[in-house]
Amino acid sequence: MCTVIFHVPSEPGAPIRLLAVRDEDPARAWDPLGPWWPELPSVSGVRDRRAGGAWLAADADAGRVAVILNRADVATDEAEPLPSRGRIVLDAVAGTPLADPPGTHGFNLVEVTPGEASVTMWDGRSLRRVVLAPGTHMIAHDDVDDAATARIAAWRDDFAAPAVPDAPDAATDDGWREQWLDTLERTSAVGATDDRAIVRDNRPFGYPTLSLLVCTASVAPGAVDVRYGEFDEPGAWNRPVLR
């Protein structure tokens, strides 16, 4: 039930910007953004302690950022538990091609490199990848920019292109982050259990997950800047401090 918003600029070399809200069971332990994988010394990410993979990861040396979101799939009677989807994120930022079929439950994989943002969608039956055109895009548990997803229909257009100049030297500018956090705060007025909510309490829908944290990323040639901040109370808005 996570949400990712990202802006793809039309100007060559301008930074692609991303804001991701993570929904997870608060009882499932995680590690904050950091270099948790000795075998991948240039990778930092948000690590799932149980399975060892990542929800979001970045390789600044390679200029790659990836984040994964769960989605419904058609796998219902597998004989053995399927592997965690967290390894897919680490493979993505390492440049390892995705297996087809992936052999996991369904997911949406967002990948950003300088000049390109793509989403790979797996529903347990078919694997699809789309490269995104310039503009603002949003994805949750269904397809990218899916108007049938209430939060996308309600808010995508509110996350307008950042007002700061889209120029390579603006990759680490904080202005766009504050603008999008302002927008995220406005979306929280509907309440965390509203179907339109981005900062969510999913328990009324039968899931133990709540919004836990926010990450932002700016990716331009030679510059990858990723920030992390947690909500003081899971599933409730308070403005996170991004570091």
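Every heavy atom of this structure was used, including side-chain atoms; hydrogens, water molecules and symmetry mates were not.
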>> When you compare the side chains of Thr209 and Asn202, does any donor N or O come within less than 3.5 Å of an acceptor on the partner?
In response: yes
>> If I take atom CD from residue Glu185 and atom CG from residue Asp182, how far apart are they, to the nearest 0.5 angstrom?
In response: 6.5 Å
> What are the two closest non-hydrogen atoms of Pro221 and Pro114, and how far apart are they?
Replying inline: N-CB, 3.7 Å
> Which word best sums up how the rings of Phe159 and Trp180 line up, parallel for under 30°, tilted for 30 to 60°, or perpendicular for over 60°?
Replying inline: perpendicular
>> Salt bridge check, Arg196 against Asp194: does any charged N sit closer than 4.0 Å to a carboxylate O?
In response: yes
>> With a 4.0 Å cut-off on N to O distance, would you call Arg49 and Asp31 a salt bridge?
In response: yes
>> Please evaluate residues Thr183 and Leu181 with respect to the criterion side-chain contact (heavy atoms from CB on, under 4.5 Å), reporting the C-alpha separation (whole Å), side-chain torsions for both, the decisive distance (0.1 Å), and the verdict.
In response: CA-CA 5 Å; Thr183 303; Leu181 285 176; over 6 Å; no
>> Assess the residue pair Val224 and Val65 against the criterion (side-chain contact (heavy atoms from CB on, under 4.5 Å)); give the C-alpha distance rounded to whole Å, side-chain angles, the decisive distance to 0.1 Å, and a yes or no.
In response: CA-CA 8 Å; Val224 174; Val65 173; 3.8 Å; yes
> Does a side-chain heavy-atom distance below 4.5 Å link His141 with Asn70?
Replying inline: no
> Quick one: CZ on Arg71 to CZ on Phe107, what's the gap to the nearest 0.5 Å?
Replying inline: 10.0 Å
> Honestly curious: do Val67 and Trp37 fall in one hydrophobic cluster under the side-chain, below-4.5 Å linking rule?
Replying inline: no
> So do the side chains of Ile88 and Leu98 get within less than 4.5 Å of each other, counting heavy atoms only?
Replying inline: yes
> Any Lys/Arg nitrogen of Arg128 or Asp123 sitting under 4.0 Å from an Asp/Glu carboxylate oxygen of the other?
Replying inline: no
> If you draw a 6.0 Å radius around CZ in Arg28, do more than 12 non-hydrogen atoms from other residues or ligands fall strictly inside?
Replying inline: yes
> Which pair of non-hydrogen atoms, one from Ser211 and one from Asp23, has the smallest distance, and what is that distance?
Replying inline: OG-OD1, 2.6 Å
>> Hydrophobic cluster membership, with links at side-chain heavy-atom distances under 4.5 Å among I/L/V/M/F/W/Y: are Leu132 and Ile68 in one?
In response: no
> Does a side-chain heavy-atom distance below 4.5 Å link Leu184 with Trp237?
Replying inline: yes
>> Measuring only between side-chain heavy atoms, which start at C-beta, is Val144 closer than 4.5 Å to Asn108?
In response: no
> Can you check side-chain hydrogen bond (donor to acceptor under 3.5 Å, both in side chains) on Thr193 and Asp201, steps first, answer last?
Replying inline: CA-CA 5 Å; Thr193 60; Asp201 178 349; over 6 Å; no
> Could you state the interatomic distance from CG (Asp232) to CG (Asn238), rounded to the nearest 0.5 Å?
Replying inline: 4.0 Å
> Less than 4.0 Å between a side-chain N and a carboxylate O, is that true for Glu39 and Arg87?
Replying inline: yes
> If you take all heavy atoms of Ala192 and Gly235, which pair is closest and at what distance?
Replying inline: CB-O, 3.2 Å
> Does Asp73 reach the main-chain N or O of Gly106 with its side chain, forming a donor-acceptor pair under 3.5 Å?
Replying inline: yes
>> Does Arg203 have more than 12 heavy atoms from other residues, nucleotides or ligands lying within 6.0 Å of its CZ?
In response: no
> Under the salt bridge (Lys or Arg N to Asp or Glu O under 4.0 Å) test, which residues partner Glu233, sequence neighbours left out?
Replying inline: none
> CG/Leu18 to CD/Glu111 distance, rounded to the nearest 0.5 angstrom?
Replying inline: 12.0 Å
> At their closest point, which heavy atom of Val89 faces which heavy atom of Ala54, and how far apart are they?
Replying inline: CG2-O, 3.4 Å
> Below 4.5 Å, heavy atoms only, C-beta onward: do Phe205 and Asp195 meet side chain to side chain?
Replying inline: yes
>> When you compare the side chain of Trp30 with that of Asp48, does any pair of heavy atoms fall below 4.5 Å?
In response: no
>> Check this for me: does any side-chain nitrogen of one of Asp145 and Arg156 sit under 4.0 Å from a carboxylate oxygen of the other?
In response: yes
> Do any N or O atoms from the side chain of Arg17 and from the backbone of Phe6 form a donor-acceptor pair under 3.5 angstrom?
Replying inline: no
> Taking the side chain as C-beta and beyond, is there a heavy-atom pair between Met121 and Arg129 under 4.5 Å?
Replying inline: no
> Cut-off 3.5 Å, side chains only: do Arg227 and Thr216 have a donor facing an acceptor?
Replying inline: no
>> Under the criterion side-chain contact (heavy atoms from CB on, under 4.5 Å), I'd like the reasoning laid out for Thr3 against Ile139: C-alpha separation, chi angles, the key distance, then a yes or no.
In response: CA-CA 6 Å; Thr3 308; Ile139 191 165; over 6 Å; no
> Charged N to carboxylate O under 4.0 angstrom, Arg239 versus Glu178?
Replying inline: yes
> Out of curiosity, does Ile5 fall in the hydrophobic cluster containing Phe231 (side-chain heavy atoms, cut-off under 4.5 Å, transitive links)?
Replying inline: yes
> Below 4.5 Å, heavy atoms only, C-beta onward: do Val46 and Cys215 meet side chain to side chain?
Replying inline: yes
> Any link between Val130 and Val219 through a network of hydrophobic side chains (Ile, Leu, Val, Met, Phe, Trp, Tyr) touching at under 4.5 Å?
Replying inline: yes
> Once you round to the nearest 0.5 Å, how far does CG of Asp59 lie from CG of Leu40?
Replying inline: 8.0 Å
> Will you find, in the side chains of Asp225 and Ser218, an N or O donor that is under 3.5 Å from an N or O acceptor?
Replying inline: no
> Looking only at heavy atoms, what is the nearest atom pair of Val131 and Glu116, with distance?
Replying inline: CG1-CG, 3.8 Å
> Looking only at heavy atoms, what is the nearest atom pair of Leu127 and Ala99, with distance?
Replying inline: CD2-O, 4.0 Å
>> Please say yes or no: joined through hydrophobic side-chain contacts below 4.5 Å, possibly via intermediate residues, are Tyr228 and Leu210 part of one cluster?
In response: no
>> Between Ser84 (side chain only) and Gly86 (backbone N and O only), is there a donor and an acceptor less than 3.5 Å apart?
In response: yes
>> Test side-chain contact (heavy atoms from CB on, under 4.5 Å) on Leu213 and Trp55; report intermediate values, then the result.
In response: CA-CA 11 Å; Leu213 59 92; Trp55 166 70; 3.4 Å; yes
> Roughly how far, to the nearest 0.5 Å, is CG of Asp158 from CE of Met138?
Replying inline: 9.0 Å
